[in-house]
Each structure stands twice: as structure tokens, then as C-alpha cells.
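Keep in mind that the numbers below use all heavy atoms, side chains included, and drop hydrogens, waters and symmetry copies. Here is how names work: the chains are called A, B, and so on, in the same order as the sequence lines, proteins then strands, and each is numbered from 1.
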Amino acid sequence: MSDTESCQVCGSAPETGYVFPLCPRCRTILASRPYPRWIYLAGAAVLVILTIALSQSPRTLRAGIAFERGQAYEAKGAYGMAVNEYRRVTEAFPNSTLVLARLAITLRKGGHVPEAEVILQRLGGRQASQELVQEVNQTVEDLSKQREVLSQGIEQKKVSVGALETRLHDLDQDLGALNEQLRSLKATTAEMEDQASKGMAIDEQEYHRLIAQHNSIVGRYNSELSTRNTLYAQYEAQLKEVNALIDQYNRSISPKAGSIP
Amino acid sequence: MTLIPGFLIAIATFPGVIVHEMAHQLVCRLCRVVVFEVCYFRLGNPAGYVTHEHPSNPYQTLLIGVGPFLFNSLLGAVIAFPAVVPVYKFEAGTTLDYVLIWLGVSIAMHAFPSTGDAASMLKSLSAHSSLLLRLIGNPIVALIYLGALGSMFWLDAIYGLFVAGLLPTLLVSYLATM
């Protein structure tokens, strides 16, 4: 750099500190070489695209954060919280395979079988990572096994309830027969008492035998009635259990409409 | 290692080349260094260049050299940020999102200063005896040459994907813990 040189453009005194001798004004002009118009146009286009995208950013950012939190809750076993977070994500990305899969899997883990089934039906045939596909297929298998176990449980309970119904029917018949015997004995002893009250001679020995027989039958009747009442209580309880299992099974195959998007 | 002609990569990622040269030009403007000629993009090697006055101040040379690294990285990350969650996380990106990802990665992968920039910096450093300057400048020059070598192994593309893709994802993960 030479302090004696003049500005290469206008000839005035050059600015110091630079190799190329230029005055401050000329240096400012030459250093501020303008960008071509097409750069500005391209930049404007990118700015427009970016503005549109940034307007979506809060929504997508919230969804991204919700998904991360959902995964964290799911890992901790807090399935209810995880489901809430995943549902927030589906508001922004209702058709994302990954989100729907995680939601279905978490619903199943949390015991919300019907809602999980609805989403799993939507996922059928979609492409996903091998790991996710395996996880979803495992969930479907688990649900299927769960229904099978329920079905078997229902059948077993039905058999048990059927056996109780038969036993109750037999007891009712026995009680009916005993009741008939009691009525007959009562009629006979009443007739004998009537004869005795009229001064007629009766067979005392026979009378006492009939009374003893009556009392014995009453004892048997009461005993069988007690057994019948106990069995009937068991029957009612098991019937309630069967109905609950059937309800559970029906809910797993036909969920309520409008539960999950 | 897949060898693809450099000009094909330059064509596919031309926004990055343009922004790289714009960054050089911008820093020259800020340092009041005269710019004689700018070629934002061409089918050749290099794909773009800025011919400028040789700064007498070596710090200016360093700034002009590393300007694209800072500018391209930042711009690439900002442009790709809105699209990262829909595309990378949920595979539910729109056309607009994929355009932004392409723009962001293209710009970020041309953040590395060129060997030409490194040569210019080295020349400027050797002309000065400041120890501090050499301590700062020489490692930067070495990194630039390593980066150029690494570009043969797609290091620039990996960097572009990291800046435009992974970094915003990491940010989202961090925000989720708050």
C-alpha cells in the first residue's frame, strides 16, 4: 500500500488500511456491489415460502414437542398421559402412520381396546419401519389373543352357569315333591285330629308315626330350601360375571361410534 | 464411496452455491473490501466465485473466508426448521415442506469454505507474524482442507443434513423436556 497513490477511480486521497488505493466514497461504492435483480426476486420467493411455512411452525412445533412427551410418558408407563399427548399430535397430523401407530399401541396398553381397534383398522396396509410394523402386528395379535381368552372364559362360565341351572331345577323338583308329601301328610293328620275331636277312635301309633314323618320331611324340606337359596345366590353371581365378560367381548369387537379420529 | 460428478451435485444444490457467494460478497461489503466480480453460479469448477481485493487486514481475510460457513449454516437451519417436524418426524410433509428441506440442506451443505478460500487465508496468515492470528487461523485453514477432503466422502452432505435436519429435531427434543 502506498500513501502517495491517489484513488484509482477519482484521483482523490485514498483511504488508508487497504491494499487497493481508493478514496472512502469510491471504496464504499465498489464494496457495495449491488446484488442482481434475480437474486432479490429469488430471495423474495424464498421469503414468501418461508413465511407460509413459519406460519405453520407453532402448530408443528407443538406437535413435535407433544410427540416427544408422549413417547416419554409411554416409556414410563403413564399411558393415560401418553394418549393425551399423542391425541394432540393427531390434531396437527391426523394421517401420520407413526403417530396413529403409537396412539393405537398406547391405547391398547392402557386398556382402551375399542379405541385401539378403530385406529388399527385405519393402519392396515400402510408402509412403516420394520420395528413399527412388528410392534403394531404384535398389538393386533395381543388383542386377538385377549378376545380368544375372553371367549374361552365366557364359554367356561356358561358351562358352570348351566350346571347350576340344572342343579337348581332338580332341587325345585325335589322341593315340589316334598311339598306334596307334606300336604298329603297334613291332610291325613288333620283328618285324624278331626276324628279324635269328635270322640272317634283313631290309631294313635299311626298318628304319631305320621307326625314324625311330617316333621322329618319338614326338616329335609328346610335343608334343601337352604341349599337351593345358596345355589341360587351363586347362580346370580356367576350370571353377572358371564354378562360382564360378554359386555367386555362385545365392546372389543364393536366400539362406540365417534370415539377416536 | 459413490463418486458423482461435482457439477451434477452443484446443479442439484445450486441455491447453496449462490448463497455461499452471496455470503462472501456480504462480508466483503461489511469489511469495505472491494468486490471486482461475482459469479453466483456456473457449470464449471468452481461453481461460483467472488473476485475481491486482497484485504490488508488478515482478520478480514478470515472473516471473508468463514463468512459462508456461518451464514449458510444459519440460513439453512432457519429455512428447513418449519419442515423438519412434518417431514422427518411424522413423514407427513407437504410439497412446500420438501422444497424447504431441499433448500435448507442445499444451502447448509455449501457452508464449507472452499480450498480457494483456504489458500487465500493461508497466504494472508503467512504474511503476518502475529502468534494469536496464527493460532486461530492455521487450525481453521487445516479444517477447511479436511472438509474439502471429507466432501469426497459426502461430509458436506452429512453436515447439510445435520444442520437442516438433525439440529432442529434435537431442539424439539430439548424443548419437550422443559
Can you tell me if OH on A/Tyr232 sees more than 12 non-hydrogen neighbours from other groups inside 6.0 Å?
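It does not: A/Tyr232 OH has 12 such atoms or fewer within range.
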Looking at A/Arg147, I want to see if its CZ is surrounded by more than 12 non-hydrogen atoms of other residues, nucleotides or ligands under 6.0 Å.
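More than 12 within 6.0 Å, yes.
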Which bit of [X] comes within less than 4.5 Å of chain A, counting heavy atoms only: side chain, backbone, both or neither?
X: B/Leu26; answer: both
X: B/Glu53; answer: side chain
X: B/Met178; answer: backbone
X: B/Val38; answer: both

Chain B contact via [X] - which portion, at a heavy-atom distance below 4.5 Å:
X: A/Pro58; answer: neither
X: A/Ala42; answer: neither
X: A/Leu54; answer: both
X: A/Ile39; answer: side chain

Could you go step by step and tell me if B/Lys89 and A/Glu68 meet the salt bridge (Lys or Arg N to Asp or Glu O under 4.0 Å) rule?
CA-CA 10 Å; B/Lys89 246 198 169 6; A/Glu68 292 290 323; 2.5 Å; yes
Of all heavy-atom pairs between [X] and [Y], which one has the smallest distance, and what is that distance?
X: B/Leu100; Y: A/Ala53; result: CD1-CB, 3.0 Å
X: B/Ala92; Y: A/Phe93; result: CB-CD2, 3.7 Å
X: A/Thr60; Y: B/Pro86; result: CG2-CG, 3.9 Å
X: B/Leu175; Y: A/Arg69; result: O-NH2, 3.7 Å

Hey, which residues of residues 102-121 of chain B are touching chain A, say heavy atoms under 4.5 Å apart?
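Under the 4.5 Å heavy-atom cut-off, B/Leu103 qualify.
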Find the one option among [options] whose heavy-atom pairs under 4.5 Å with chain A are most numerous.
options: B/Asp97, B/Leu96, B/Val99; value: B/Leu96
options: B/Val34, B/Leu30, B/Val33, B/Leu171; value: B/Val34
options: B/Thr177, B/Val172, B/Val19; value: B/Val172

Please check this pair: side chain of B/Arg32 against backbone of A/Arg27, looking for a donor-acceptor N/O pair closer than 3.5 Å.
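Answer holds: no.
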Is there a donor-acceptor pair under 3.5 Å between the side chain of A/Arg33 and the backbone N or O of B/Phe36?
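Such a contact is found between A/Arg33 side chain and B/Phe36 backbone.
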Any heavy-atom pair between the side chains of A/Trp38 and B/Ile18 that's under 4.5 Å?
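Heavy-atom side-chain distance check passes, below 4.5 Å.
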Can you confirm whether B/Gln60 sits close enough to A/Tyr18 that some side-chain heavy atom of one is under 4.5 Å from a side-chain heavy atom of the other?
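Yes. Closest side-chain heavy atoms under 4.5 Å.
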Chain B interface, residue from [options] that has the most non-hydrogen pairs under 4.5 Å:
options: A/Gly43, A/Pro36, A/Ala72; answer: A/Pro36
options: A/Pro24, A/Ala92, A/Cys26; answer: A/Pro24
options: A/Pro34, A/Ala66, A/Ser55; answer: A/Pro34
options: A/Leu98, A/Thr28, A/Asn95; answer: A/Thr28

Distance, nearest 0.5 Å, that separates CG of B/Leu75 from CG of A/Leu50
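Spacing of CG (B/Leu75) from CG (A/Leu50) equals 8.0 Å.
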Nearest 0.5 Å, what's the CG-CZ distance between A/Leu100 and B/Phe90?
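Answer for the CG-CZ pair, A/Leu100 versus B/Phe90, is 11.0 Å.
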Between A/Tyr35 and B/Tyr40, what is the ring plane arrangement, given parallel below 30°, perpendicular above 60°, and tilted in between?
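Taking B/Tyr40 first and then A/Tyr35, their aromatic rings sit tilted (interplane angle of 30° to 60°).
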Show your reasoning for whether salt bridge (Lys or Arg N to Asp or Glu O under 4.0 Å) applies to A/Arg126 and B/Glu91.
CA-CA 12 Å; A/Arg126 292 196 186 194; B/Glu91 295 164 10; over 6 Å; no
